[in-house]
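Presented below is the structure to which this report refers.
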Amino acid sequence: MIRVGVNGYGTIGKRVADAVAAQPDMELVGVTKTKPNYEAESAIRRGYDLYAAIADRAEEFDDAGVPIAGTLSDLLESVDVAVDCTPSGIGARNRSVYAAHDTPAIFQGGEDADVADASFNARTSFEAARGADTLRVVSCNTTGLARLLAPLEAAYGVEKARVTLVRRGGDPSETGRGPINDVVPDPTTVPSHHGPDVNTVLPGVDVDTAALKAPVTAMHTHSVNVTLRETPTTETVRELLDAEPRIFTIPEAAGIDGAGKLKEYAMDCGRPRGDLWENCVWEESINVSGRDLYLFENVHQEADVVPENVDAIRALTTDLSATESVERTNEALGVGLESLLASDEGDARDPITADD
Ligand SMILES: NC(=O)c1ccc[n+]([C@@H]2O[C@H](COP(=O)([O-])OP(=O)(O)OC[C@H]3O[C@@H](n4cnc5c(N)ncnc54)[C@H](OP(=O)(O)O)[C@@H]3O)[C@@H](O)[C@H]2O)c1
């Protein structure tokens, strides 16, 4: 069993903890909190051992009646690998703490690429992670782009990808981040940092990105245009993406017109927290014109990096191949959403008249 500790139990950390606990070859030793709030209580309810992330604050947990099993140091002494899910910037500060305990560590995409020996995405860079002591799982947007561009590059070659990222303004729990009554270029400079970040896990693919943020919390939306080196048909691209286990192609007949219904569908399907671990590509948006491919996809920012973290743990600590690890992760979590509806039938979505 691979013994895992999760440092930082927020949006990503709680999901990574649940995903680790669901793996047959992993043991979740515990999670950390800086304070005994509702998330600390829910960790206890889930049966997870709780550790004080900041030793000086251990007493606060006792005072609040929240039992702890020790401090971060105790946790790091008991695990084979730590997954750092602390807010952006704190992970970099924690790097020396993990090194002092000789504990391999996985960081998140909010950190700069140089925080770790290698950046990680299971579809594109699993083998590059071999021999590393530390990995950085790339951000939600970068994960989504890498998953999409990798099969296109392998099948047809990517001459140039241009992607506009309409990013959610904040996560649902981030009351301090919104709502904004605007659509804001963010960053205002073009291209954005996302393209170079894709190249940390998918080198050599020419991709330019521009990013905005919008007053929504559910998901990011990507408007994608890829000039391919070959000229596939729309149908073969649909089949290619459909065969990717971490891409869900939404059939037209599903009548899913946006992130709201996507999340509703995920909840109806019994997904924990309504999580969508897969890229969600609108099937009828996939269109090839000459060598130009167009499509829309949505990425659930709270969820898509979660299976990647599980694979990163195996890449750091085992000899399992990428294929074996991804299959194991997908099986344990239930990744690989497929609609029961026929893909080319139905007329569930009414065309919208362009009036703006
Ligand atoms: N949310 C996303 O959309 C998303 C997507 C992909 C990647 N990421 C990346 O994942 C990382 C975590 O983001 P997040 O959204 O999960 O943040 P988050 O929701 O703010 O969770 C981070 C948690 O860490 C805890 N924390 C703060 N200081 C800490 C410390 N010194 N030691 C241990 N825990 C500490 C905080 O809880 P307490 O202080 O209450 O313990 C906080 O809830 C970031 O690098 C982010 O860029 C986020």
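Only this structure's heavy atoms are used, side chains among them; waters, hydrogens and symmetry mates stay out. Keep in mind it's a predicted model, so treat the numbers as computed, not measured. Counting starts at 1 for both ligands and their atoms, in listed order.
Relative ring orientation between Tyr265 and Phe248 is described as parallel, the plane-to-plane angle staying below 30° on a 0-90° scale split at 30° and 60°.
Here the heavy atom of the protein found nearest to atom 2 (C) of ligand 1 is Asp171 OD2, 3.5 Å. Nearest protein heavy-atom contact of atom 15 (O) of ligand 1 is Thr11 CB, 3.6 Å. Ranking the protein heavy atoms by distance from atom 25 (C) of ligand 1 puts Pro87 CD, 4.1 Å first. Distance from atom 5 (C) of ligand 1 to its nearest protein heavy atom, with residue and atom name: Gln301 O, 3.0 Å. Atom 28 (N) of ligand 1 has its closest protein heavy atom at Ile90 CD1, 3.6 Å. Nearest protein heavy-atom contact of atom 43 (O) of ligand 1 is Gly10 CA, 3.6 Å.
Side-chain contact check for Arg291 and Thr227: no donor-acceptor pair (N or O, by modelled atom type) lies under 3.5 Å. With hydrogens and angles left out, the side-chain atoms of Ser139 and Asn141 include no donor and acceptor closer than 3.5 Å. Judged by distance alone, the side chains of Asn37 and Tyr9 never bring a donor and an acceptor atom under 3.5 Å apart.
Put simply, the residue from Glu308, Glu278, Glu244 that forms a salt bridge (Lys or Arg N to Asp or Glu O under 4.0 Å) with Arg147 is Glu308.
Within the 4.5 Å cutoff, the side chain of His220 has no heavy atoms near those of the Leu165 side chain.
The N/O atoms of Thr32, backbone and side chain alike, include none that comes under 3.5 Å of an N/O atom in ligand 1. Polar contact with ligand 1: absent for Glu302 (N/O pair, distance under 3.5 Å). An N or O contact shorter than 3.5 Å links Gly110 to ligand 1 by distance.
Considering Val6, Thr142, Thr34, Asp304 only, the shortest heavy-atom separation from atom 29 (C) of ligand 1 involves Thr34. Counting only non-hydrogen atoms, the option in Thr86, Ile12, Asn7, Leu72 that gets closest to atom 44 (C) of ligand 1 is Thr86. Nearest to atom 9 (C) of ligand 1 by heavy-atom distance, out of Gln108, Arg15, Lys35, is Gln108. Evaluated by nearest non-hydrogen atom to atom 22 (C) of ligand 1, the leading choice among Ser139, Pro172, Cys85 is Cys85.
Counting only heavy atoms, the protein gets under 4.0 Å from atom 39 (O) of ligand 1. For atom 36 (C) of ligand 1, no protein non-hydrogen atom is found at a distance below 4.0 Å.
Against a heavy-atom cut-off of under 4.0 Å, Gly8 is close to the following atoms of ligand 1: 24 (O), 34 (N). Numbered from 1 in the order shown, with element, the atoms of ligand 1 that lie under 4.0 Å from a heavy atom of Lys33 read 37 (O), 38 (P), 40 (O), 41 (O). Atoms of ligand 1 lying under 4.0 Å from any heavy atom of Ala53, numbered from 1 in the order shown and given with element: 32 (N), 33 (C). Taking every non-hydrogen atom of Cys140 and a distance limit under 4.0 Å, the qualifying atoms of ligand 1 come out as 5 (C), 6 (C).
Between Asp311 and Arg314, at least one side-chain nitrogen of the basic residue sits less than 4.0 Å from a carboxylate oxygen of the acidic one, meeting the salt-bridge criterion. Salt bridge present: Arg46 and Asp18 bring a charged side-chain N and a carboxylate O closer than 4.0 Å. With respect to Asp114 and Arg95, no salt bridge is recorded, no charged nitrogen being found less than 4.0 Å from a carboxylate O. The pair Lys261-Asp257 counts as a salt bridge, with a side-chain nitrogen and a carboxylate oxygen less than 4.0 angstrom apart. Using a 4.0 Å cut-off between a side-chain N of Lys or Arg and a carboxylate O of Asp or Glu, Glu331 and Arg328 do not qualify as a salt bridge. Using a 4.0 Å cut-off between a side-chain N of Lys or Arg and a carboxylate O of Asp or Glu, Lys35 and Glu60 do not qualify as a salt bridge. Salt-bridge annotation for Arg3 and Asp80: present, with a side-chain N of the basic residue lying under 4.0 Å from a carboxylate O of the acidic one.
Contact annotation for Arg168 and ligand 1: only side-chain heavy atoms (C-beta onward) come within less than 4.0 Å of the ligand. Only the side chain of Asn37 comes within contact range of ligand 1, with a heavy atom under 4.0 Å; no backbone atom does.
Using a 4.0 Å cutoff on heavy atoms, Gly91 does not count as a contact of ligand 1.
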